[in-house]
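One structure is given below, encoded as structure tokens.
Nothing here was measured: the structure is a model prediction, and the numbers come from that model. Letters A, B, ... mirror the listed sequences (proteins, then strands); counts begin at 1.
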Number of protein chains: 4
Amino acid sequence: MFFSIDPSNSVAIYEQIVRQVKFAIAEGTLCPGQLLPSVRQLSQQLAINPNTIARAYQQLQADQVIETLRGRGLTVCAGATERCREIRRSLIAQRLRSALAEALHGGLKAAEIREIVKNQLELLSGTVATVASAPNEAGTS
Amino acid sequence: MFFSIDPSNSVAIYEQIVRQVKFAIAEGTLCPGQLLPSVRQLSQQLAINPNTIARAYQQLQADQVIETLRGRGLTVCAGATERCREIRRSLIAQRLRSALAEALHGGLKAAEIREIVKNQLELLSGTVATVASAPNEAGTS
Amino acid sequence: MFFSIDPSNSVAIYEQIVRQVKFAIAEGTLCPGQLLPSVRQLSQQLAINPNTIARAYQQLQADQVIETLRGRGLTVCAGATERCREIRRSLIAQRLRSALAEALHGGLKAAEIREIVKNQLELLSGTVATVASAPNEAGTS
Amino acid sequence: MFFSIDPSNSVAIYEQIVRQVKFAIAEGTLCPGQLLPSVRQLSQQLAINPNTIARAYQQLQADQVIETLRGRGLTVCAGATERCREIRRSLIAQRLRSALAEALHGGLKAAEIREIVKNQLELLSGTVATVASAPNEAGTS
DNA sequence: GTGGTCTAGACCACC
DNA sequence: GTGGTCTAGACCACC
């Protein structure tokens, strides 16, 4: 698990950790049953106060993504992979929908939007083209 | 000018005002030379702290969208209409692009994205054309 | 709002606060739109660290029971009354069901259980009898 | 003796062991005079830290349910069967009473409670009578 | 060793 | 004034 935390980012540090853990689980980098780095350990690795790490982990527990094994640490819940993927997909789809709505609403014509979408997808698909044969994982790098 | 402010929204109130003024200018509801409501007046109308209104107006001045007419109040700058339209369009286009990037990045396939875009555009274009029939989706600025 | 906090109780202080707020909302003591006591105020009143209060309030926000009005404080969400009632009822019903299951499982005969239930309801209903005409609020003292 | 330990359960592991031993004694699965599995043996069988097993056994000794036979190990005390049964029954009855009190207190009407009790008893009595037909609900200790 | 909770005190943006 | 975040350091039960 590698985290990259940016303390000057406007999203809170604990929230950055939450997202990166969910992302890692969705990606399969972190699997159900696996132990997370301990609060103290991660706190040292990232040079961040243990309380902040603990807060992120508490959030992840509330989201039913990880659970505590008494005295041993925190593990990824069974089913978390699918849950995290689903959360991600629906957040993304929703964000996409609202960006489209806002675009139409804010003066772009449907044709212009289609153009942007087409260009953007071609531009970005370059990276993805080679992975086209693996249906589910495409583009999760 | 009608503003709708939501204090429980995560974007700051002053920022909501800034956006709505720029939007109204881009739309032509507010025209160059026109006087804005005074701080006190708007503060009363929205039941919001005058400092907050003042801050929004300062921001709009910094963005060169409004300017003070000494002793008379604040007016929309000449050229603000085009500038606001341009600001809006580029913000929107950028947001759209980043939503698309994130979507690809986060596991949606290009085909799925195209599908969402297509559906959404049909859905919303319909709504825009015949606003009255779809009551709820219309005003989601 | 009166809170009674017991720091020697095994349930965490922040959790005691969370429960009492939900209870007060379910009861109607705290109504949608009403402001909660501020973090600092409650912290003084209960002689408890502000962080602990803040944590309780954050939990209540995550539970969609309260929401922040930027710069003004925290209010009870619309619909929170029903939500809190429903939460309470289902928690209680579930606890009751599992107590019954455990009782049967653990050696009490159905007849004994019925006896305990009957006695207990009679014993406790005394308090409630006079309120029998107000269907929904019965016994929420 | 089969134990099923869940480290992600909120009740401590040593406490889970204590309860299961008492339960087994109350049920007659474990009889006075019988030797308990050694700390090491149980520790291996459950893949649990020996200290945790030792702590459970200490607790059971304090509760006068088991006692050490010098050099031989730990045995179930004489009279433990009845004591465990009694402990269990009174714990259960008390839990039931408090669940009922809380239910009344928390907004369920006496009639609703009677309904839940009735349904639950029918449901579970059925299950107990013909365990084999309802696979999942049987072992919910 | 593990996480969970709490206090104390600081700084921030926002109103 | 408001809440939100973070650090620092303590203590606890559990394993």
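- Counting to the nearest Å, the P atom of dT5(F) and the CD1 atom of Ile17(A) are 13 Å from each other.
- In this structure, the CG atom of Leu35(A) is 10 Å from the C1' atom of dT2(E), given to the nearest Å.
- Contact annotation: the side chain of Phe3(A) approaches that of Val21(A) to within less than 4.5 Å [non-hydrogen atoms, C-beta and beyond].
- Annotation: side chain of Phe23(A) is not in contact with side chain of Thr29(A) (no heavy-atom distance under 4.5 Å).
- Proximity of Gln61(C) to the phosphate of dG4(F): a side-chain N or O atom is located under 4.0 Å from OP1 or OP2.
- With rounding to the nearest 0.5 Å, the separation of CD1 in Ile25(D) from CD in Gln34(D) is 9.0 Å.
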Would you tabulate the nitrogen or oxygen pairs shorter than 3.5 Å linking the protein to nucleotides 12-15 of chain F?
residue : atom : partner  : partner atom : Å
dC14(F) : OP2  : Arg55(D) : NH1          : 3.4
dC14(F) : OP2  : Arg55(D) : NH2          : 2.9
dC15(F) : OP1  : Ile13(D) : N            : 2.7

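- In this structure, the side chains of Arg70(C) and Gln16(B) stay at 4.5 Å or more apart for every pair of heavy atoms.
- Applying the salt bridge (Lys or Arg N to Asp or Glu O under 4.0 Å) rule to Glu27(B) yields no partners; only residues at least two apart in sequence or on another chain are considered.
- Within a 6.0 Å radius of CD in Gln45(C), other residues, nucleotides and ligands contribute more than 12 heavy atoms.
- Closest heavy-atom contact between Tyr57(C) and Leu36(C): OH-CB, 3.9 Å.
- Leu96(D) and Ala99(C) make their closest contact through CD1-CB, 4.1 Å (heavy atoms, listed as atom of the first residue, atom of the second, distance).
- Of all the heavy atoms in Arg88(D) and Ala26(D), the pair that sits closest is CD-CB, 4.1 Å.
- Between the CG atom of Asn9(C) and the P atom of dT5(E) there is a distance of 13 Å, given to the nearest Å.
- DNA chain E is contacted by both Ala54(A) and Gly73(A); Gly73(A) maps to the nucleotide lying nearer its 5′ end (nearest heavy atom per residue).
- The side chain of Thr68(C) places no N or O atom within less than 4.0 Å of a non-bridging phosphate oxygen (OP1 or OP2) of dG3(F).
- The interatomic distance linking Gln44(A) (CD) with dG1(E) (P) rounds to 10 Å, in whole Å.
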Watson-Crick and G-U pairing of DNA chain E, under 3.5 Å, as dot-bracket with | and [ ]: ||||||||||||||.
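- In this entry the distance linking CG of Leu60(C) with P of dG3(F) reads 13 Å, nearest Å.
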